[in-house]
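One structure follows; several queries about it will come next.
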Amino acid sequence: MLFTDKLRSATHEELCRDFSIAVMPDFNFAFDVVDRKAFLTPDAVCVRHIDDSFARRDFTYRDMARASSRVANALKEIGLRKGDRVILMLHRRIEWWQTMLGLHKLGAVAIPCPAQLKPRDIAFRCRSAKARAIIADYELAGGVEAIRETLPELEFCIQVGPEGPRPEKNAALPTDQWLDFAIITEKASPAFPRPLSDEELACGKDPLLIFFSSGTTGMPKMLLHNHEYPLGHYFTAAYWHNLEPGDLHMAVADTGWAKAAWGKFYGQWMAGATTLVYDFRGKFNPANLLRVVTEQGVNSFCAPPTIYRHLIQEDLARYDFSHLRHCAAAGEPLNESVIRAWEKATGLRIHEGFGQSETSLMIAALPNMKFKPGSIGKPVPGWNVALLDDNGEICQPGEDGEICVHIADGRPYGLFTGYLDEAGQIISARRGAWYHTGDKARMDEDGYYWFLGRVDDLIKTSGYRVGPFEVESALVSHPAVLEAAVTGVPDPVRGQAIKASIVLTRDYTPTRELARELQRYVKAVTAPYKYPRVVEFVKELPKTFSGKIKRAEIRDRDLKIA
């Protein structure tokens, strides 16, 4: 595996011209990155783990190589093989990394899922993926057991934990049908040589993992990545996260979602950085996160916009950010007011990026580019991105269009293989020469992209097309607004009227006068036709497990009420 040298001073144009990846056709991240690093730099720390009590443990490449081999051997011993699908429901515990690597070595297909899933959700994913095994946290195993009899294809159930003195029995589980992760891996060998036969070695174009989409507009879809997928994240870490060997990087992401692969695993290790994992349980506490970031000396930090909105509500002057050098955000667009507040408190800008569970980083505001607050930046090397209009024509600067990737001449590393249907067959995501993301943006005269929202989320009101983010960004710049979701509601005159569902900050209470004040405020800071004619104050917004606002759920509820 070879990458072009990283040049901090290179312009975006130079990067797009010169950056390349040369890789062996039988690439396997666990063998070719982790085991290789365990041989060359065995004592280098790849993961620093902070648990819910702030206790710290460091894990080296030697540790991860040996532990992942134990996992591979243990799973092989019970009967799992190359191609078998295994669901993971683990919190941000170290066993997630060990198991992911073990599955990569074995050739089984990992299916990361959120730890918050309910029994119905678990059954849907197991049934859809035809999972042969599930590996779950001790406290989550009861939810699996509740639906296990409905899943005849699920042969193996393995519980992880608890730590400390182990009870003889988990009352929620029949112990003769559940395997204990610690017991089966402790007995296994710490050596798992790279298989020599094609029948056993998983690599290159072979299936690596399955993600379920976030389900913002319907039931989650299965999307498949192959063993080349990790390579797409080298640029993510080395350039967008701005990492150098020895840096400590922290990404706030649940291990059940693709963002964990983006920010806590593949690219960071290839760039030579250490991943900081904060395994907090229960309700998110912004003060605790700030404590971890500053006390551990994090150099590079990445979080979804929702996290930044909560962080700027804290007294940031109390914290020492002297180690922090770079900040990034992804998942949903970040409002300019939040960017300004964070920069004022820390002196650091937040660099946005765009991608999907289906892709690696596609568009990014890189450190060496002119900073435009609110822009998601420009397409990154290897991704031939353009905006297409409703007729499939390339948009001119200033025009709204769908973000699409040209793949007729080759697929970039990081782009998924396709969706899977109920029978497990791959459904191509290609339409003509393009992959259509379903997301809308606008490009300015300088080639910078400005995110507008999902195609389905655009509001058509009085002849105007309004992206929800434009209005949400205006709203959250008001001190009363913590979060906002903007949707369209039926209107007999306008077609659709703009509605804002608003979560207030701690110092404000809902009143009619506040609603009118927010309407006037939006008129003053953006085009008047974009102001919300309907304002609803809510305690919280409906979100996916990955933290994305479920605007479709708000629209459906409003239609039922109407």
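Hydrogens, waters and symmetry mates are skipped; everything else that's a heavy atom, side chains included, is used. The first residue in the sequence is number 1, and the count goes up from there. Because the structure is predicted, anything quoted here is derived from the model rather than measured.
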Between the side chain of Ser357 and the main-chain N/O of Ala258, is any donor-acceptor distance below 3.5 Å?
->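 Answer holds: no.
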By side-chain hydrogen bond (donor to acceptor under 3.5 Å, both in side chains), which residues pair with Tyr229, not counting sequence neighbours?
->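 By the side-chain hydrogen bond (donor to acceptor under 3.5 Å, both in side chains) rule, Tyr229 matches His233.
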Charged N to carboxylate O under 4.0 angstrom, Arg56 versus Glu295?
->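 No.
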Hey, do the aromatic rings of Tyr435 and Trp383 have their centres closer than 6.0 Å?
-> no
Minimum-distance pair of heavy atoms, taken over all atoms of Gly418 and Ile426 |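 Shortest heavy-atom contact: CA-CG2, 4.0 Å.
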Go through the steps to decide whether Val144 and Trp178 satisfy the test side-chain contact (heavy atoms from CB on, under 4.5 Å), and finish with yes or no.
-> CA-CA 11 Å; Val144 178; Trp178 278 77; 3.9 Å; yes
Ring centres of His351 and Phe371 under 6.0 Å apart?
-> yes
Should the pair Phe29 and Phe265 be assigned to parallel (<30°), tilted (30 to 60°) or perpendicular (>60°) ring geometry?
-> perpendicular
Donor-acceptor under 3.5 Å (Gln356 side chain, Thr437 main chain) | yes
Any salt bridge between Lys259 and Asp254, counting N to O under 4.0 Å?
->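 No, this pair does not count.
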Taking all non-hydrogen atoms of both residues into account, name the closest pair between Lys105 and Ala30 and its distance.
-> CG-CB, 3.6 Å
Is there side-chain contact between Leu290 and Phe321, with at least one heavy-atom pair below 4.5 Å?
->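 Yes. Closest side-chain heavy atoms under 4.5 Å.
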Test item: His326 and Leu348 side chains (from C-beta on) under 4.5 Å apart, heavy atoms =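 When only atoms from C-beta onward are counted, Leu348 and His326 do not touch, as no gap falls below 4.5 Å.
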Under 3.5 Å donor-acceptor, Asn73 side chain and Ala191 backbone =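 Side chain of Asn73 to backbone of Ala191, a donor-acceptor pair under 3.5 Å: yes, one is there.
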Hey, are the side chains of Leu334 and Ile339 touching, using non-hydrogen atoms and a 4.5 Å cut-off?
-> yes
Would you indicate whether Glu77, at its atom CD, is surrounded by more than 12 heavy atoms from other residues, nucleotides or ligands within a distance under 6.0 Å?
->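 Count not over threshold, so no.
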Looking at CD1 of Ile50 and CG of Asn288, how far apart are the two atoms once the value is rounded to the nearest 0.5 Å?
->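 Result: 12.0 Å between the selected atoms.
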Closest heavy-atom pair, Phe211 versus Pro112, reported as atoms and distance to 0.1 Å, is CE2-CG, 3.9 Å
Exercise: do Asp137 and His91 side chains pair donor with acceptor under 3.5 Å =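 Yes.
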What distance do Ser300 atom OG and Leu324 atom CG have between them, rounded to the nearest 0.5 Å?
-> 7.5 Å
Using atom types as modelled, flag every donor-acceptor pair under 3.5 Å from a side chain in residues 199-208 to any protein atom, sequence neighbours excluded.
{"from": "Lys205", "atom 1": "NZ", "to": "Glu228", "atom 2": "OE1", "distance (Å)": "3.1"}
{"from": "Asp206", "atom 1": "OD2", "to": "Cys203", "atom 2": "N", "distance (Å)": "3.0"}

In terms of heavy-atom contacts, does CG of Leu40 have more than 12 from other residues, nucleotides or ligands at under 6.0 Å?
-> yes
Taking the side chain as every heavy atom from C-beta outward, state whether Ile111 and Arg125 have any atom pair closer than 4.5 Å.
-> no
Can you tell me how far NE2 of His249 sits from CH2 of Trp269, rounded to the nearest 0.5 angstrom?
-> 13.0 Å
Could you check Leu209 against Met100 for side-chain contact (heavy atoms from CB on, under 4.5 Å), going step by step and ending with a plain yes or no?
-> CA-CA 9 Å; Leu209 54 80; Met100 285 285 284; 4.0 Å; yes
Pairwise distance CG(Leu106) to CG(Asp84) - rounded to 0.5 angstrom = 7.5 Å
Look at the side chain of His12 and the backbone N and O of Pro379, then say whether any donor-acceptor pair between them is shorter than 3.5 Å.
->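 Yes, because the side chain of His12 sits within donor-acceptor range (under 3.5 Å) of the backbone of Pro379.
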Could you walk me through whether Thr99 and Val86 pass side-chain contact (heavy atoms from CB on, under 4.5 Å), step by step?
-> CA-CA 10 Å; Thr99 303; Val86 180; 5.8 Å; no
Take Glu153 and Leu151, measure what side-chain contact (heavy atoms from CB on, under 4.5 Å) needs, and give me the verdict at the end.
-> CA-CA 6 Å; Glu153 293 180 322; Leu151 304 169; over 6 Å; no
For the side chain of Tyr239 and the backbone of Tyr234, is there at least one donor-acceptor N/O pair under 3.5 Å apart?
->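 Answer holds: no.
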Trp240 side chain vs Glu352 backbone, donor-acceptor pair below 3.5 Å | yes
Does Arg92 reach the main-chain N or O of Ala253 with its side chain, forming a donor-acceptor pair under 3.5 Å?
-> yes
Heavy atoms from other residues, nucleotides or ligands near NE2 of His323 exceed 12 (cutoff 6.0 Å) =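 It does not: His323 NE2 has 12 such atoms or fewer within range.
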Above 12 or not: heavy atoms from other molecules or residues under 6.0 Å from NZ of Lys76?
-> no
Considering all heavy atoms of both residues, which atom of Gly263 and which atom of Ala251 are nearest to each other, and what is their separation?
->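 Looking at all heavy atoms of both residues, the shortest contact is O-CB, 3.4 Å.
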Distance, nearest 0.5 Å, that separates CG of Leu231 from OH of Tyr266 = 10.5 Å
Under the 3.5 angstrom rule, does the side chain of Lys37 hit a backbone N or O of Met270 as a donor-acceptor pair?
-> no
Between Arg194 and Asp32, does at least one N-O distance fall below 4.0 Å, as a salt bridge requires?
->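 Salt bridge flag = yes for Asp32 with Arg194.
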Could you tell me whether Arg325 and Glu244 have a side-chain N and a carboxylate O separated by less than 4.0 Å?
-> no
Heavy atoms from other residues, nucleotides or ligands near CZ of Arg36 exceed 12 (cutoff 6.0 Å) | no
pair His241-Asp247: side-chain heavy atoms closer than 4.5 Å = no
Anything under 30° is parallel, anything over 60° is perpendicular, the rest tilted; go ahead and classify Phe301 against Trp342.
->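 It falls in the parallel class, under 30°.
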In short, Ala303 meets Tyr308 closest at the heavy-atom pair O-CE1, 3.4 Å
Inter-residue atom distance Leu103.CG - Leu80.CG, 0.5 Å rounding |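 Spacing of CG (Leu103) from CG (Leu80) equals 8.0 Å.
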Please name the pair of heavy atoms, one in Met89 and one in Leu140, separated by the smallest distance, quoted to 0.1 Å.
->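 Closest approach of Met89 to Leu140: O-CD1, 3.5 Å.
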So do the side chains of Tyr419 and Glu358 get within less than 4.5 Å of each other, counting heavy atoms only?
->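 The answer is yes; the side chains approach within 4.5 Å.
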Beyond-backbone contact of Phe280 with Val292, side-chain heavy atoms, under 4.5 angstrom =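 Contact flag for Phe280/Val292 side chains = no.
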Is any side-chain heavy atom of Phe451 less than 4.5 Å from a side-chain heavy atom of Ile363?
-> no
Could you tell me whether a side-chain N or O of Asp58 sits under 3.5 Å from a main-chain N or O of Arg48, the two making a donor and an acceptor?
->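 No, the answer is negative, given that no donor and acceptor are paired below the 3.5 Å cut-off.
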Phe284, CZ atom: more than 12 neighbouring heavy atoms under 6.0 Å | yes
Under 3.5 Å donor-acceptor, Trp96 side chain and Thr255 backbone |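 Checking the backbone N and O of Thr255 against the side chain of Trp96, a donor-acceptor pair under 3.5 Å is found.
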